[in-house]
Number of protein chains: 2
Amino acid sequence: MSSDVSVPQAGVRPVDVDRTSPVPLYFQVATRLQELIEKGEIGVGARIENEVDLAERLGVSRPTTRRAIQYLVERGMLVRKRGVGTQVVHPKVRRPVELSSLYDDLVAGDRAPRTEVLSLEVMPAPDTIAAALEIAPGTPVTWIERLRYAGGEPLALMHNAIPVDVLPLTADDLATHGLYELLRRNGLTPRIATQIIGARSATTSEAKILDEKRGASLLTMVRTAWDVGGRALEYGSHVYRASRYSFELNLSAG
Amino acid sequence: MSSDVSVPQAGVRPVDVDRTSPVPLYFQVATRLQELIEKGEIGVGARIENEVDLAERLGVSRPTTRRAIQYLVERGMLVRKRGVGTQVVHPKVRRPVELSSLYDDLVAGDRAPRTEVLSLEVMPAPDTIAAALEIAPGTPVTWIERLRYAGGEPLALMHNAIPVDVLPLTADDLATHGLYELLRRNGLTPRIATQIIGARSATTSEAKILDEKRGASLLTMVRTAWDVGGRALEYGSHVYRASRYSFELNLSAG
DNA sequence: TCCCCGAGTTTGTCAGGACAAAGTATTGAC
DNA sequence: GTCAATACTTTGTCCTGACAAACTCGGGGA
């Protein structure tokens with residue numbers, strides 16, 4: 001096999017682990033390996049040393065080494081095959097990162113984002129929103145309408161509903177902070193969300209607000225986010241100018 | 001704590017594991033636990049038995065039990081806290097499942113899908129496609145144009161490019177099998193993909209093919225998929241009728 | 001009554017050993 | 001020379017044992 005030539009055994013220098021440190025040994029090993037991989041010192045496609053030898057040289061047990069490797073395998077940096085060995089995968093294929101967090105970071109990437117709170121009121125939840133949030137219809141929610149700008153242009157019209165017993169909100173808060181930032185600051189961590197992305201033509205009023213022609217294509221996104229306890233934190237129904245915005249996602253299988 | 005009342009200890013019947021089976025013990029235990037949780041026999045929020053007792057009653061070692069529990073923790077069904085125990089999380093919060101695989105399963109869900117191959121030819125890759133696939137411009141690729149129906153109506157117009165040295169394709173193959181099915185059958189497993197979802201208005205010819213009015217909103221999706229080795233397998237540029245289709249995604253954070 | 005401290009519980013980390021299973025490379029027979 | 005059986009390498013599974021760290025809860029002291 002010619003591939004053997006291009007798959008050199010990569011070594012990890014021995015003296016590495018610090019047994020006085022409070023950070024677990026397996027994590028120290030994993031971090032060390034990750035560094036070597038990211039610096040390119042182990043090279044894409046290279047086989048790393050086998051578990052047994054690596055454990056011996058680092059002075060830790062095989063289960064500890066194994067756990068370190070497993071950690072990196074789960075993060076998508078390594079691939080193991082029984083009877084073969086453990087290889088470094090291509091950087092392009094890494095990042096099992098769940099998904100681009102939300103939407104803010106996308107606009108924040110290059111263009112100066114700005115958010116204008118058009119309205120904010122507490123009202124009883126209508127049926128559709130109550131259903132999405134899995135709360136009783138009529139439960140008081142804070143209903144927010146915001147207009148997001150990027151690069152001086154309107155980008156998105158966002159509607160959100162947050163149950164008041166989840167978090168009371170004021171317009172001042174939202175003027176300076178993102179909704180998710182406010183949630184997190186109050187100990188409310190969204191864990192999963194379901195999104196539906198679609199498209200439709202702009203209504204006359206939407207077109208006016210977003211500075212588009214009537215009938216222009218809009219991207220729509222409806223989302224509900226839950227925390228660890230399964231409590232719905234937020235419902236959102238947003239429309240984006242398709243001419244200025246798109247969703248980018250990285251998915252990983254297996 | 002009143003929560004103790006609502007958090008009963010849930011038991012797992014002892015005789016369960018089959019040591020003659022080729023399926024690993026930890027997996028047998030994990031499967032058993034998962035069944036109990038999904039059937040609701042352990043109830044949301046309930047604490048499961050502690051590792052040590054569970055291991056003893058099942059007749060396996062603690063590491064094995066631990067691994068089984070860990071497996072379910074990683075899948076988002078359980079949450080552990082040191083000094084506290086292991087709890088069943090709310091079903092809504094489960095499913096760190098990466099993402100709905102692709103598109104096929106969505107239409108396959110309820111409506112009878114059908115695919116018509118409009119054209120298939122081998123041609124040198126134009127610059128944009130070559131760039132997306134990270135191959136040299138002019139490298140021969142199979143260029144496919146397909147029309148997907150669901151429930152008797154046209155749903156999407158799909159364009160794909162697959163490098164011929166990745167997989168040679170024929171129209172017959174594609175008439176009866178999905179593109180990803182063909183890839184997988186040939187040992188080509190897409191591992192990650194980047195997608196960009198946007199929207200725009202239909203051109204006249206698109207509107208005609210898709211049975212829409214001119215200027216109707218279309219969902220657009222551009223995707224490149226790579227295998228474990230970082231080799232680009234497929235480039236796709238698809239348009240969907242926004243009136244009949246939307247993307248649903250479940251994302252999970254941290 | 002309130003607070004702090006310690007005992008008990010439960011998960012987290014780590015070691016060392018043993019065998020099984022899958023893949024690769026070598027050897028041997030034809 | 002080709003092919004199949006064998007030996008070897010490497011990861012996968014499983015065990016026993018031990019101690020540490022985080023959390024809960026009850027008792028004792030101020």
Calculate the interatomic distance between A/Gln70 atom CD and D/dT11 atom C1'; express it in whole Å.
11 Å

Just how far, in rounded Å, is P of D/dC14 from CG of B/Leu58?
13 Å

Of A/Leu25 and A/Lys81, the one whose nearest nucleotide on DNA chain C sits closer to the 5' end is A/Leu25

Give a yes/no on whether any side-chain N or O of A/Arg80 is located under 4.0 angstrom from OP1 or OP2 of D/dT10.
no

Under 4.5 Å between any side-chain heavy atoms of B/Thr142 and B/Leu120, yes or no?
yes

Taking every non-hydrogen atom, the tightest pair across A/Val141 and A/Pro163
CG1-CA, 3.8 Å

Sort out for me which residue in B/Ile129, B/Asn160, B/Val122 forms a side-chain contact (heavy atoms from CB on, under 4.5 Å) with B/Trp143.
B/Ile129

Using atom CD of A/Gln87 as one end and atom P of D/dT10 as the other, report the distance to the nearest whole Å.
13 Å

Which protein N or O atoms sit under 3.5 Å from an N or O of nucleotides 3-9 of chain D?
none

Distance-only check: which donor-acceptor pairs under 3.5 Å involve side-chain atoms of residues 165-174 of chain A, not counting sequence neighbours?
residue  : atom : partner  : partner atom : Å
A/Thr170 : OG1  : A/Asp173 : N            : 3.3
A/Thr170 : OG1  : A/Asp173 : OD2          : 3.1

The criterion is side chain to side chain contact (heavy atoms under 4.5 Å, CB included); which residues satisfy it with A/Pro124, sequence neighbours excluded?
none

Atom CD of A/Glu74 to atom P of D/dG12: distance rounded to whole Å?
12 Å

Looking at B/Arg67, does any N or O in its side chain come under 4.0 Å of the phosphate oxygens OP1/OP2 on D/dT13?
yes

Correct closest heavy-atom pair for B/Val84 and B/Arg47 would be O-CD, 3.8 Å

Under a 3.5 Å cutoff, is there a donor and acceptor pairing between the side chains of B/Arg80 and B/Gln87?
no

Under a 3.5 Å threshold, yes or no: a donor from one side chain and an acceptor from the other, between B/Thr115 and B/Arg148?
yes

Please state whether the phosphate of C/dT11, meaning OP1 or OP2, lies under 4.0 angstrom from any side-chain nitrogen or oxygen of B/Arg66.
no

Considering residues at least two apart in sequence or located in another chain, which fulfil the ring-ring contact (aromatic ring centres under 6.0 Å, His included) criterion with B/Tyr71?
B/Phe27

With a 3.5 Å cut-off and no angle check, do the side chains of A/Tyr180 and A/Glu234 form a donor-acceptor pair?
yes

When you compare the side chains of A/Asp18 and A/Gln28, does any donor N or O come within less than 3.5 Å of an acceptor on the partner?
no

Rounded distance (Å) that lies between atom P of D/dT13 and atom CD of A/Glu51
11 Å

Does a nitrogen or oxygen in the side chain of B/Tyr26 sit under 4.0 Å from OP1 or OP2 of D/dC14?
no

In whole angstroms, how far is the C1' atom of D/dT11 from the CD atom of A/Glu49?
15 Å

Do the side-chain N or O atoms of B/Arg19 get closer than 4.0 angstrom to the phosphate oxygens (OP1, OP2) of D/dC15?
yes

At how many degrees, to 10°, do the end axes of the helix from C/dT1-D/dA30 to C/dC30-D/dG1 meet when each uses five pairs?
10°

Step-by-step salt bridge (Lys or Arg N to Asp or Glu O under 4.0 Å) determination, B/Glu49 to B/Arg57:
CA-CA 10 Å; B/Glu49 211 175 358; B/Arg57 286 208 303 109; 2.8 Å; yes

Give a yes/no answer on whether the side chain of A/Thr64 brings an N or O atom under 4.0 Å of OP1 or OP2 in C/dT13.
no

In whole angstroms, how far is the P atom of D/dC23 from the CZ atom of B/Arg47?
15 Å

Is there any protein nitrogen or oxygen under 3.5 Å from a nitrogen or oxygen in nucleotides 16-20 of chain D, and what are the pairs?
residue : atom : partner : partner atom : Å
D/dA18  : N6   : B/Arg62 : NH1          : 3.3

Euclidean distance, atom CZ of residue B/Phe27 to atom C1' of D/dC14 [Å, nearest integer]:
17 Å

